[in-house]
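First the structure, in the form of C-alpha cells, and then the observations on it.
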Amino acid sequence: MAAGAGSLVAAVLAHSGRLDKEDLGTRIGRLSRRVEELKGEVCTMITKKYSEFLPGMQSAEELVARVDGLSRSIDLLRAGVENEVQRDLNVAVAEFTELKQQLEQDTLVLSILKKLQEFDTALKEYNTALLEKKYIEAAQQLEKARSSLKMLESRKGFELKILKALGTELTVQTQNMLYHLGEEWQKLAVWKLPPSKETIGPESVMHSELHLCTLPSKEEEIAGPPVASVLQAFAVLGELHTKLKTFGKLLLKYILKPLISYPFLQPFIEEQSDVVILKFKSEKPDLDHSSPVEVFDKIKFVLEVLHKYLLSKLSLPFGLITLAELLGDMIWEELSDCLIQDCLVNSIPTNSSKLEQYIEVVEEFLSSFNFITPDSCVALPKLPDPGSGDHVKMQKTSKLLPKAAVSLQSDSKLSQYTFSLPTCRISASVEKLMELAYQTLLETTASTDQCCIQLFYSVRNIFQLFYDVLLNCFSLLVFPPEGMECFLAQMRVQKGEILERLSSARNFSNMDDEENYSAANKAIRQVLHQLKRLGKVWQDVLPVNVYCKAMGTLLNTALSEMVTRIAALEDISAEDADRLYSLCRIMVEEGPQVFTPLPEEDKNKKYQEEVPVHVQKWMTFKELMIILQANLQEIVDQWADGKGPLAAEFSPAEVKSLIRALFQNTERRAAALAKIK
C-alpha cells in the first residue's frame with residue numbers, strides 16, 4: 001500500500017517537474033509513515049467500536065431470548081385463561097345470577113312475612129284497643145290491617161291460601177267493630193218515635209223525642225267513650241256517611257219537617273243529669289201558616305242543640321268540611337223543598353214594600369249556619385240605596401247589570417211575536433201566572449227603585465223559566481218537529497252543565513289527597529242534585545218513555561265522563577282505588593233515584609230498576625267498579641279470553657291501561673297483560 005502510494009506521489013511530482021529524486025524519497029517516506037499512522041489509528045478505532053458494539057449485541061441477543069421466553073409464557077397463560085379461567089368465570093356468573101334471583105325471592109318473601117306480621121300486630125292492637133273502648137285507635141288498627149292485606153293481595157307470584165282466611169277474619173272483625181260502634185251510637189243519640197204503623201200527623205209527632213247524651217266528665221269517660229270517639233271511628237272505617245244519612249232522614253221526618261208544616265209545634269229541651277231530650281210542645285198558633293221568621297227560629301233552635309251536643313264533637317274537620325256541613329249536604333235538598341212548599345210559598349209578600357225585608361230574613365237564615373254549605377246559598381245582588389242621587393243609582397246599577405240591560409232604549413227591537421204562543425187553550429195555573437206577572441209589573445210603577453229592578457227581573461225570570469221548561473214540553477207534545485229541536489237544545493245545555501261540574505273533580509286523580517277527594521265528591525253531589533231537580537221539573541210533564549230516555553241520556557253523560565277520566569289515569573294506588581270505588585258507588589246507589597217520572601213514589605220503582613236499559617254506559621260503569629276492587633286473577637276471569645262481561649264493555653287497550661295503573665310491574669302482571677287480547 002505504501003509503495004503504491006509512493007509511486008503515485010513520485011509520478012505526480014515527476015510530472016510536475018518541480019522535485020528531485022532525494023526530495024521525492026524523503027517525502028514518500030513521510031507519507032508512508034503517515035499512512036502507517038493513519039492505518040494504526042483506524043485499526044484502533046475499529047477495535048474500540050467493536051469492543052463497544054459486542055456487549056450491546058450480546059445484550060440484544062439476550063433480550064430476544066427473554067422476549068421469546070415471555071411470548072411462550074403468554075401463550076401458555078392465554079391457553080390457561082381460555083380453557084380454565086373462562087370456564088370458572090362462566091360458572092361464577094351462573095352462580096351469581098342464581099344467588100341474585102334467590103336474593104330477590106328471599107326479599108319478596110321477607111316483605112310478605114313483614115306484612116303478615118304487621119297484619120297480625122294490627123289485629124292484636126285492635127283487640128286490645130276495642131276492649132279498652134279506644135274506638136279511634138281500634139279503627140285505625142283495622143285500617144292498617146286492611147292496608148297490609150291489600151298489599152299482600154297485590155303481590156304477584158304468591159297465591160297464599162291464608163290470604164282468604166285473613167280477609168274473612170278482617171271482615172268479621174270489621175263487622176264486630178261496627179256492631180260495638182252501633183251500640184255506642186244508640187246510646188249517644190236515642191230516638192223515641194211513634195209506632196211505625198201510626199201515620200205521621202200532628203198528634204203522632206208530639207210523641208217524637210231525640211235523646212242526646214251529654215258530654216261526660218273526665219271520670220265518666222272511663223266508663224264509656226265520648227261522642228267524638230264514636231264519630232271519628234265511624235269516619236276512619238268509612239261508615240260515618242251512612243250513619244249520618246240515616247240520622248238525617250229521621251231528623252227530617254220527625255223533627256224538621258213537622259216544625260215547618262205544623263205551626264202549633266214548639267221545640268224545647270229537657271235537661272237531665274246525663275241526657276238532653278229534644279221534644280215538642282203544643283202552642284196555639286196565630287195563623288194557619290207559620291211565618292218564615294218563626295220557622296227559621298225553630299229550625300235554628302234544633303240545629304243549635306244538635307251542634308252543641310252532637311255535631312261539634314269532632315275535634316277536627318272531616319276532610320275539608322265539618323260534620324255539620326256533611327249532614328247539611330245530605331238533607332238540605334229535601335229540607336229546602338219543604339221550606340219552599342210549606343212555608344215560603346205561603347209567606348211571599350203581596351206588597352213590594354215588604355219584599356226587601358222578606359229577602360233579608362231569608363238570607364240571614366241561609367247564612368246563619370255552616371250546616372248549609374255556601375254552594376246552596378244564592379247571593380242576591382246589592383241594589384242601590386233609595387236615598388242616593390240618580391247619578392249614584394245608575395252607577396251602582398250598572399255594576400250589577402250588563403250594559404245592554406241598563407240601556408233600556410236599545411236600537412235593536414224584539415219582534416212583537418217573540419214571546420207569542422200559537423192560539424191554544426191554557427190551564428188555570430198559566431192564567432194565574434199571567435195575572436201574577438201583570439200585577440207585579442203594575443206594582444213596579446209604584447215601587448221604589450230598589451224593588452223595581454228586583455220585581456222586573458223576577459217577572460222576566462218567570463217567563464224565562466216557562467220558556468226553558470214548560471214551553472219546550474208543550475211544543476214537544478203539540479208541535480213535534482219544533483218541540484224536538486227546542487228540547488234537544490235544552491238537553492245540550494244540561495249536558496254542558498254536567499260536564500262543567502265534573503271538570504272540577506281534579507280528573508279523579510290522587511284521591512288519597514283529602515282536597516282532591518272532597519272536590520270530586522262535591523262534583524258528583526252537584527251532578528246528582530242537578531239531575532234530581534231536573535227530574536222533578538219534568539215529572540208528570542214529559543211522557544214516561546221520553547222522560548226515561550232524556551234522564552238516561554243525562555245520567556249516561558255523567559257516567560261516561562267518569563269512566564273516561566278514571567280509565568285515563570296512569571297510576572292508581574290502593575287507597576285511590578278504594579276512594580274511586582266509593583265515589584262510583586254513590587252514583588250507582590243514588591243515580592237510579594233521579595228517575596221519578598210519576599208523582600206517586602211507589603210507581604217509580606219500576607223505572608228505577610230499568611235504569612240499565614236507559615243508561616248506555618251503566619254496565620261499563622259497573623265493570624269499572626269491579627276492576628277497582630279486583631285482583632289480577634279476577635280481572636283475567638272477567639275478561640275470559642275476550643268473551644267475558646269485561647270484554648263486552650272495555651277494549652283490550654283500556655283494560656291493559658287500567659291494569660298497569662292499578663298493579664306494580666311484575667311477572668304476574670305481565671302474565672295477566674298477555675291474556676288480555
Side-chain angles (χ1 to χ4, degrees), residues 73-125 141 143-170 509-512 567-578 627-641 646 652-677:
S73 299
I74 291 173
D75 291 339
L76 291 174
L77 287 174
R78 182 185 294 113
V81 168
E82 291 177 352
N83 297 330
E84 297 180 6
V85 176
Q86 185 65 41
R87 182 178 64 252
D88 294 341
L89 182 61
N90 292 338
V91 173
V93 169
E95 291 179 352
F96 174 77
T97 302
E98 183 179 353
L99 289 173
K100 181 182 177 182
Q101 293 175 348
Q102 185 63 42
L103 177 61
E104 292 175 350
Q105 187 84 355
D106 292 345
T107 302
L108 183 58
V109 171
L110 182 61
S111 65
I112 290 177
L113 292 175
K114 183 178 179 181
K115 288 298 177 182
L116 287 172
Q117 182 186 24
E118 290 177 0
F119 180 91
D120 181 67
T121 301
L123 281 188
K124 289 179 180 178
E125 293 182 359
Q141 293 301 329
E143 289 307 302
K144 285 184 180 179
R146 195 183 315 280
S147 176
S148 298
L149 183 59
K150 284 186 176 296
M151 185 64 70
L152 288 170
E153 291 174 341
S154 68
R155 295 291 185 183
K156 287 72 181 177
F158 280 85
E159 300 293 341
L160 301 179
K161 295 182 180 179
I162 193 176
L163 295 184
K164 186 174 182 180
L166 294 180
T168 302
E169 178 64 18
L170 183 61
S509 64
N510 298 327
M511 288 294 99
D512 55 347
L569 296 176
E570 296 181 357
D571 183 37
I572 304 175
S573 67
E575 186 175 356
D576 288 343
D578 288 343
I627 292 178
L628 291 174
Q629 291 290 289
N631 56 38
L632 281 171
Q633 186 58 47
E634 290 171 342
I635 295 176
V636 171
D637 292 342
Q638 284 289 108
W639 182 258
D641 295 329
L646 181 58
E654 290 171 331
V655 176
K656 288 181 177 180
S657 177
L658 283 168
I659 290 176
R660 292 188 180 101
L662 286 164
F663 300 95
Q664 297 178 353
N665 186 11
T666 60
E667 294 181 0
R668 191 178 173 202
R669 190 185 80 171
L673 290 173
K675 296 179 181 178
I676 308 299
K677 55 186 177 181

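Counting from 1, the numbers follow the sequence of the chain as shown. None of the values given here were measured: they were computed from a predicted structure.
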* Could you go step by step and tell me if Gln141 and Lys124 meet the side-chain contact (heavy atoms from CB on, under 4.5 Å) rule? -> CA-CA 9 Å; Gln141 293 301 329; Lys124 289 179 180 178; over 6 Å; no
Interatomic distance, CG@Leu113 vs CD@Gln117, rounded to 0.5 Å, equals 9.0 Å
- prompt: When you measure from the side chain of Thr107 to the backbone N and O of Leu103, does any donor-acceptor pair fall under 3.5 Å?
  reply: yes
CG of Leu632 to CD of Glu634, rounded to nearest 0.5 Å, is 9.5 Å
Taking atom CD as the centre, does Glu104 end up with more than 12 heavy-atom neighbours from other residues, nucleotides or ligands that are less than 6.0 angstrom away? yes
For Ala577 and Gln629 the tightest heavy-atom approach is O-NE2, 4.0 Å
Between the CD atom in Glu153 and the NZ atom in Lys115, the distance rounded to the nearest 0.5 Å is 13.0 Å
Is any NZ, NE, NH1 or NH2 atom of the basic residue among Asp578 and Lys150 found under 4.0 Å from an Asp or Glu carboxylate oxygen of the other?
-> yes
Got more than 12 heavy atoms from elsewhere within 6.0 Å of NZ, Lys144? no
Output for pair (Asp571 CG, Gln664 CD), nearest 0.5 Å, gives 9.5 Å
In short, Leu569 meets Ser509 closest at the heavy-atom pair CD2-CB, 3.7 Å
CD1 of Ile659 to CG of Leu673, rounded to nearest 0.5 Å, is 5.0 Å
Polar side-chain atom of Asp576 near backbone of Asp512 as donor-acceptor pair, under 3.5 Å: yes
One should read off an interatomic distance between Ile635 CD1 and Leu646 CG, to the nearest 0.5 angstrom, of 7.5 Å
TODO: Starting from the C-alpha separation in whole Å, work towards a yes-or-no answer on side-chain contact (heavy atoms from CB on, under 4.5 Å) for Leu166 and Leu123.
DONE: CA-CA 10 Å; Leu166 294 180; Leu123 281 188; 5.9 Å; no
task = For Thr97 and Val93, indicate whether the former's side chain and the latter's backbone hold a donor-acceptor pair under 3.5 Å.
result = yes
- Query: Within the side chain of Gln101, is there an N or O that forms a donor-acceptor pair under 3.5 Å with the backbone of Glu98?
  - Reply: no
Whether over 12 other heavy atoms sit under 6.0 Å from Asp75 CG: yes
All heavy atoms of Ala145 vs all of Leu170, minimum pair found to be CB-CD1, 4.0 Å
